[in-house]
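The next block holds one structure in the form of structure tokens; read it before the comments.
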Amino acid sequence: MKNSRVRVRFAPSPTGPLHMGGVRTALYNYLFAKKHGGDFLLRIEDTDRSRFVQGAEKYIVDALGWCGISPDEGIGAEDKLTNGGKHHPYRQSERKDIYGPYVQTLIDSELAYLAFDTPNELSMVRERAMEAGNPNWQYNSITRTSMKNSLTLSKTDVEEKKKVGEPYVVRVKMPRNEEIKFHDEVRGWVSVNSMNVDDKVLLKSDGLPTYHLANVVDDRLMEITHVIRGEEWLPSAPLHVLLYDYFNWERPSFAHLPLLLRPDGNGKLSKRDGDKLGFPVFPLNWNNSETNETASGYKEAGFYAAGFVNMLAFLGWNPGTNQEVFSLDELISSFRLEKVSKAGARFDFDKARWFNQQHLRLRPKKDLLKEYLELLKKTSGHVPEKNWAKKSLDLFMDRAEFVKDIISESTYLFEDPKSYDNKVVEKKWNSDSPVFIKTLKSLFSQTNYTSESLENCFKKYLSSSSLSFGQVGPVLRLAVAGTTQGPSIFMVMELIGQESTERRIDSALMRLQ
RNA sequence: GGCCCGUUCGUCUAGCGGUUUAGGACAUCUCCCUUUCACGGAGAAGAUCACGGGUUCGAAUCCCGUACGGGUCACCA
């Protein structure tokens, strides 16, 4: 497999929306594939029909699409390749019939066996073990000798049971005492004694394979060269590795990624955290059709896909240089599995916002202007003239992390102040103030309403009346904008124009008397 | 609890035996710019590299133990 084309896969189960941890796993897979000129496939692992959630698969495809990490093959790649690719179907429920023969070869070579124990019987055994002080009963090389399976039952009994249709599962036969070793691309050598891994179910009684079997068989069939997945799979990796050996297949490379942790450090980030933690955990909004609640997504929160992806990439990976702001293409060329860290990473929303700010500044002016105008229209209905909008964008974008910040910071460009900042009123507004702005209003009316001449005019007034900027500036700003914050007041006046400025001054004179 | 994985500033991390008075970024604070707010610039504070033993002339870097954290123990993925 050393010389073959790199092929990786992201294989989520459609049990709900994909959360940011899942997106990161997909991202690392994608980056690795693209870095090596390989393929990134999306396979849906829907062998557990009881946990199937309507709309989840579409959500996964949409979310990856938004991030710009669309699959080259499989689900979501139907527009690129017929049926998603030559290894179709890519939905495990549709591959149901593929697994049988593989299970049979294992049974034939006595590496797997049939087990007739009912779920009820099993839970009773577990319960009894629990009472006896064993909290972790396992179906393994020792206990299987006293269970109802094809190893303990006679051949005719087994045939009889099969004939009458008694449900059974197929379990893998784990060796009694063997070191199972494999090399992990991020952790180095990992070794587990087979004693500690149980006789996992390979084929369920409903005829569908479990993840363990399906994942190994499909990865083989789909020619996957590198299995890159979350650390939660590390404990079952020895089983998967053993399965490759049992089938006599060359093992793919494995890489187990560190988990995304909650900001408080207590456990991994999970779907259930929803918005409880004060930030979205999903890439896109997700409507839960049962509860009719919406969990918020990064896209709708105003994040750029590029910023979101950049931020995710740095949660557990670092190029080893001081560069932090990366485009997708830059991530691809810099990505190396060896630079993935081993420890879990706590998510930090502040840093996420910072990444977005960086990407906002990287945006082509044209695109940013378009986004600004669109959001402006959507939120307030204002449709300003393009050149005018360009100026206001220039004025306000420095202080924004998101496009929506530009809108909220610049509302007074569109609407006369509804109220005046109380602190400034108390501090700066006095009996002289009305005279100042009344005079300014008439002086301004005799000049061009451009920031330059307005400012000149203002300064002339200051020197001729021996006034300081501090006495008059804030008062003017208060009257025009209602607040003391923001960019140059002369630029603001230029943008809102003479009529509006004079109206605001008059209004302030009335309301602040 | 068993097994597995991990542990460098509050957070993400650089570091892969000597170039380290442990570097960067976010957050925090100070100053400058702006008589505003941000942006920007300069700077400060912040990590005895979890702890204890080794190995070595020399360890954040290698080994062992302990502690702590996380993951996982289903006919779920």
Side-chain angles (χ1 to χ4, degrees), chain A residues 11-15 45-51 92 115 117-119 122-123 126 130 133-139 167-171 184 186-188 190-193 195-198 200-212 214-215 229-238 256 258-259 261 263 265-268 311 314-325 338-339 341-355 357-358 361 396-401 405 409 421 424 428 468-474 477-478 481 483-489:
Chain A
S13 63
T15 55
E45 312 228 330
D46 55 351
T47 51
D48 183 3
R49 288 170 308 176
S50 66
R51 293 210 306 160
Q92 283 179 337
D117 321 272
T118 64
L122 284 170
S123 62
R126 289 204 172 90
M130 186 88 84
N134 176 6
N136 189 28
W137 182 88
Q138 290 194 149
Y139 208 119
Y168 66 89
V169 301
V170 178
R171 311 190 84 111
D184 187 282
V186 344
R187 281 149 220 287
V190 176
S191 173
V192 183
N193 193 291
M195 210 164 60
N196 296 311
V197 357
D198 57 348
K200 280 267 174 340
V201 170
L202 263 24
L203 200 68
K204 296 182 276 184
S205 58
D206 64 2
L208 284 167
T210 58
Y211 169 86
H212 301 108
N215 144 276
R229 77 232 295 196
E231 192 185 348
E232 70 267 28
W233 291 107
L234 201 48
S236 54
H256 289 91
L259 263 16
L261 271 21
N266 297 131
K268 63 172 178 176
M311 174 274 291
F314 268 74
L315 248 27
W317 170 84
N318 187 291
T321 66
N322 279 345
Q323 186 186 351
E324 287 199 274
V325 180
E338 306 84 75
K339 300 296 284 180
S341 51
K342 299 174 176 65
R346 287 187 199 182
F347 175 69
D348 179 6
F349 193 58
D350 281 339
K351 190 84 187 240
R353 290 166 44 215
W354 177 81
F355 272 112
Q357 183 182 42
Q358 300 308 306
R361 291 178 186 174
F396 286 90
M397 69 169 285
D398 278 352
R399 39 185 46 79
E401 286 170 337
D405 295 341
E409 289 295 309
D421 189 327
V424 188
K428 296 286 180 183
S468 75
F469 198 109
Q471 284 172 281
V472 193
R477 185 182 279 282
L478 188 73
T483 169
T484 181
Q485 298 180 356
S488 157
I489 189 62

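Below, chains carry the letters A, B, ... as their sequence lines are ordered, and counting in each starts from 1. Every heavy atom of this structure was used, including side-chain atoms; hydrogens, water molecules and symmetry mates were not. All figures in this text were calculated on a predicted structure; none of them were measured in a lab.
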message = When you measure only distances, ignoring hydrogens and angles, does the side chain of A:R399 come within 3.5 Å of the base of B:C39 through a donor and an acceptor?
response =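 No, no donor-acceptor pair under 3.5 Å.
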task = Classify the side chain of A:K351 versus the base of B:A25 as yes if they form a donor-acceptor pair under 3.5 Å and no if they do not.
result =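 Donor-acceptor pair under 3.5 Å: yes.
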Where the side chain of [X] is concerned, which of [options] is the nearest nucleotide?
{"X": "A:N322", "options": "B:G24, B:A14, B:C26", "value": "B:G24"}
{"X": "A:V190", "options": "B:A25, B:C5, B:C12", "value": "B:C5"}
{"X": "A:Q485", "options": "B:C37, B:G15, B:A25", "value": "B:C37"}

Over all strands shown, is [X] touching base, sugar-phosphate only, or nothing at heavy-atom distances under 4.0 angstrom?
{"X": "A:K428", "value": "nothing"}
{"X": "A:P487", "value": "base"}
{"X": "A:G316", "value": "sugar-phosphate"}
{"X": "A:G470", "value": "base"}

message = For A:H212 and A:W233, take the angle between the two ring planes, folded into 0 to 90°, and tell me which bin it lands in: parallel under 30, tilted 30 to 60, perpendicular over 60.
response =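 Taking A:W233 first and then A:H212, their aromatic rings stand perpendicular (interplane angle over 60°).
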message = Over 60° means perpendicular and under 30° means parallel, so tell me whether A:F349 and A:F347 are parallel, tilted or perpendicular.
response =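 Tilted.
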Check: [Y] and [X] side chains under 4.5 Å, non-hydrogen atoms:
{"X": "A:E324", "Y": "A:Q358", "value": "no"}
{"X": "A:R361", "Y": "A:Q357", "value": "yes"}
{"X": "A:D206", "Y": "A:R49", "value": "yes"}
{"X": "A:V325", "Y": "A:Q323", "value": "no"}
{"X": "A:P487", "Y": "A:R399", "value": "yes"}

Could you run down the sub-3.5 Å N/O contacts of the protein with nucleotides 59-61 of chain B?
none

Taking atom [atom1] of [X] and atom [atom2] of [Y], what is their separation to the nearest 0.5 Å?
{"X": "A:H256", "Y": "A:D184", "atom1": "NE2", "atom2": "CG", "answer": "6.0 Å"}
{"X": "A:E401", "Y": "A:D350", "atom1": "CD", "atom2": "CG", "answer": "8.0 Å"}
{"X": "A:K339", "Y": "A:T321", "atom1": "NZ", "atom2": "OG1", "answer": "9.0 Å"}
{"X": "A:R477", "Y": "A:T483", "atom1": "CZ", "atom2": "OG1", "answer": "8.0 Å"}

request  = Write down the distance separating the P atoms in B:U61 and B:U19, rounded off to the nearest Å.
outcome  =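 Between the two P atoms, the distance is 14 Å.
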Separation of atom [atom1] in [X] from atom [atom2] in [N], rounded to whole Å:
{"X": "A:N193", "N": "B:C4", "atom1": "CG", "atom2": "P", "answer": "9 Å"}
{"X": "A:F349", "N": "B:C26", "atom1": "CZ", "atom2": "C1'", "answer": "13 Å"}
{"X": "A:E338", "N": "B:A14", "atom1": "CD", "atom2": "P", "answer": "13 Å"}
{"X": "A:E324", "N": "B:G24", "atom1": "CD", "atom2": "P", "answer": "12 Å"}
{"X": "A:H256", "N": "B:C4", "atom1": "NE2", "atom2": "P", "answer": "15 Å"}
{"X": "A:E409", "N": "B:U36", "atom1": "CD", "atom2": "P", "answer": "16 Å"}
{"X": "A:D348", "N": "B:A25", "atom1": "CG", "atom2": "C1'", "answer": "11 Å"}
{"X": "A:I489", "N": "B:U34", "atom1": "CD1", "atom2": "P", "answer": "18 Å"}

Pairwise N/O distances under 3.5 Å, protein to nucleotides 40-46 of chain B:
| residue | atom | partner | partner atom | Å |
| --- | --- | --- | --- | --- |
| B:G40 | OP1 | A:R361 | NH1 | 2.9 |

task = With RNA chain B as reference, determine whether A:W354 or A:G344 sits nearer its 5' end, using the nearest nucleotide of each.
result =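 In this pair, the answer is A:G344.
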query = Between A:P209 and A:T47, which heavy-atom pair has the shortest distance, and what is it?
reply =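 It is O-CB, 3.4 Å.
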key: Heavy-atom pair with the smallest gap, counting every atom of A:L234 and A:R187   =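 Heavy atoms only, the tightest pair is CD2-CD, 3.8 Å.
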Distances under 3.5 Å between nitrogen or oxygen atoms of protein and nucleotides 69-77 of chain B:
| residue | atom | partner | partner atom | Å |
| --- | --- | --- | --- | --- |
| B:G71 | OP1 | A:K268 | N | 3.2 |
| B:U72 | OP1 | A:K268 | NZ | 3.1 |
| B:C73 | O2' | A:N136 | OD1 | 3.1 |
| B:C75 | O2 | A:S205 | N | 2.8 |
| B:C75 | O2 | A:S205 | OG | 2.7 |
| B:C75 | N3 | A:S205 | OG | 3.1 |
| B:C75 | N4 | A:D117 | O | 3.1 |
| B:C76 | OP2 | A:K204 | NZ | 3.3 |
| B:C76 | O2' | A:D48 | OD2 | 2.8 |
| B:C76 | O2' | A:R51 | NE | 3.4 |
| B:C76 | O2' | A:R51 | NH2 | 3.4 |
| B:C76 | O2 | A:R51 | NH1 | 3.3 |
| B:C76 | O2 | A:R51 | NH2 | 2.9 |
| B:A77 | OP1 | A:T47 | OG1 | 2.6 |
| B:A77 | OP1 | A:K204 | NZ | 3.2 |
| B:A77 | OP2 | A:Y211 | N | 3.0 |
| B:A77 | O3' | A:E45 | OE1 | 3.3 |
| B:A77 | O2' | A:S13 | OG | 2.9 |

ask   = When you check the phosphate oxygens OP1 and OP2 of B:U13, does a side-chain N or O of A:S341 lie under 4.0 Å from one of them?
value =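 Yes, within the criterion.
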task = Establish, with yes or no, whether the OP1 or OP2 oxygen of B:U8 is under 4.0 angstrom from a side-chain nitrogen or oxygen of A:K342.
result =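 No, because none of the side-chain N or O atoms of A:K342 sits under 4.0 Å from OP1 or OP2 of B:U8.
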